[in-house]
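See below for the structure under consideration.
Numbering of ligands and ligand atoms starts at 1, following listing order. Here the structure is a predicted model, which means the values were calculated and not measured.
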Amino acid sequence: MAAQRINGTEIAQSIRDEAKTQIQSRLANQGTRPGLDVILIGDNPASKSYVGHKERACLEVGINSTVHRLKNDVTKQELLNLIDQLNQQEHTHGILLQLPLPEHLQPQDFLEKISPEKDVDGFHPYNMGKLILREPGLRPCTPLGIMTLLKRLPLNITGLHAVIIGASNIVGRPMAMELLLAKCTVTVCHRFTSSLAAHVKQADILISATGKPNIIQSDWIKPGAIVIDVGFSKLSNGTIIGDIDFETAKLRAGWITPVPGGVGPMTVATLMHNTVQAANTQSPCPTIIND
Ligand code: GUN
C-alpha cells in the first residue's frame, strides 16, 4: 500500500494560525506586536527566497518584520555592530542571521553574539545547550517543525529507531537532540559513515538532510517507515526535488513528506512560533489582578 503523504503545507498553516491568534491576544492585552529582524548578506538566490518566505509569513501572522540587506563585503565589525544594536532595541524580539554567510565571515563569531532570548533560530550555544540538557528554550526551527509533524501522526514514536542523515548544526545535530527528548533511539550518519544503506534499512523514522538528491535509494527504506525529507535541491529546469525519490519511496514507506510542501513550510511556521515565544518571554502580557 502506498505511503500516506504528510501535508506540511496544511500543518504549517495551522501553526501560523495559532501564532496569529496569540499575537492578537498579545495586542489586546499589552498593545504591542512581536518584532523580528532578519539579516541577509549578499545575493545568494536561495537565501533571498527563504527570507522572502519569512517576510510573507510575518505579514500574515502580524509580526513586525525588518530585513537588513547587507553587501557581500560587509566587515565583521559592521555585522557585530548591527547585532549589538538589535540586541539593545526593545521592539526587536527576534534576530535571525540568514545562513550561509560569505566566506570571510564565520557563523559562530556572530551567532553567539545574538542575545539568547532573541535567538529565534535557537543556534546560540546557550539554547543548543538547553536542548541537550532536556530543558529546551528557543529551539532550532527545522528540527522543531519536524517534531510537530511527527506529533501530528496517529502514532506513538517512543522507542522507535530514528536515523538521521546529515550532522549539520542547523538540522542533524539538534534533530538528534529533539528525537532523544522524544524517547527515540537515535543514529546520526554523515559523510564518513560507512555502509549508509545498512543504517537506513534499520530506520523506523528516516530523516534525510543532505541536499544531495538520490543519496538514499528507495529500496533501502524499511517497509512502513516514516520518511522525512529535508532536502531541497533545484534542478537546471527549475524543478525542486528532495534527497529521496518520492514516487518510489512512497511505495515502501508508511508515511512520507513531499518536497516541496513538507518540511520547508514547517521551518517558516516554526520561526513564527519561536518569535511569539521570544516576544512573550521578553515582555509578557501583564497579569490581570481582580481585586
Ligand atoms: N539557512 C538555511 N536554513 C536556515 C535556518 O534555519 N536559519 C538560518 N538562519 N539560516 C538558514
Return the closest protein heavy atom for [atom] as residue, atom name and distance.
| atom | result |
| --- | --- |
| atom 11 (C) of ligand 1 | Gln98 NE2, 3.4 Å |
| atom 8 (C) of ligand 1 | Asp121 OD2, 3.3 Å |
| atom 1 (N) of ligand 1 | Leu99 O, 2.9 Å |

Query raised in the report: Counting distance only, does the side-chain N/O of His161 pair as donor-acceptor with the main-chain N or O of Ala203 below 3.5 Å?
Result: no

Query - Other residues, nucleotides, ligands: >12 heavy atoms within 6.0 Å of Arg5 CZ - result: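 Check passes, neighbour count above 12.
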
Query raised in the report: What atoms of ligand 1 come within less than 4.0 Å of a heavy atom belonging to Leu96?
Result: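 Near Leu96, the atoms of ligand 1 are 9 (N).
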
Query raised in the report: Just distances here: any N/O of Phe123 and N/O of ligand 1 closer than 3.5 Å?
Result: no

Query - Approximate separation, where rounding is to 0.5 Å, of Lys250 NZ and Gln4 CD - result: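 One gets 12.5 Å once the value is rounded to the nearest 0.5 Å.
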
Requested in this report: Pick one of side chain, backbone, both or neither for how Leu97 approaches ligand 1, counting any non-hydrogen atom pair under 4.0 Å.
Outcome: backbone

Query raised in the report: Is Asp229 close to Phe246 at the side-chain level, that is, under 4.5 Å between some pair of heavy atoms?
Result: no

Query raised in the report: Is any side-chain N of the basic residue among Lys48 and Asp43 closer than 4.0 Å to the acidic one's carboxylate O?
Result: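 Looking at Lys48 and Asp43, the cut-off is not met.
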
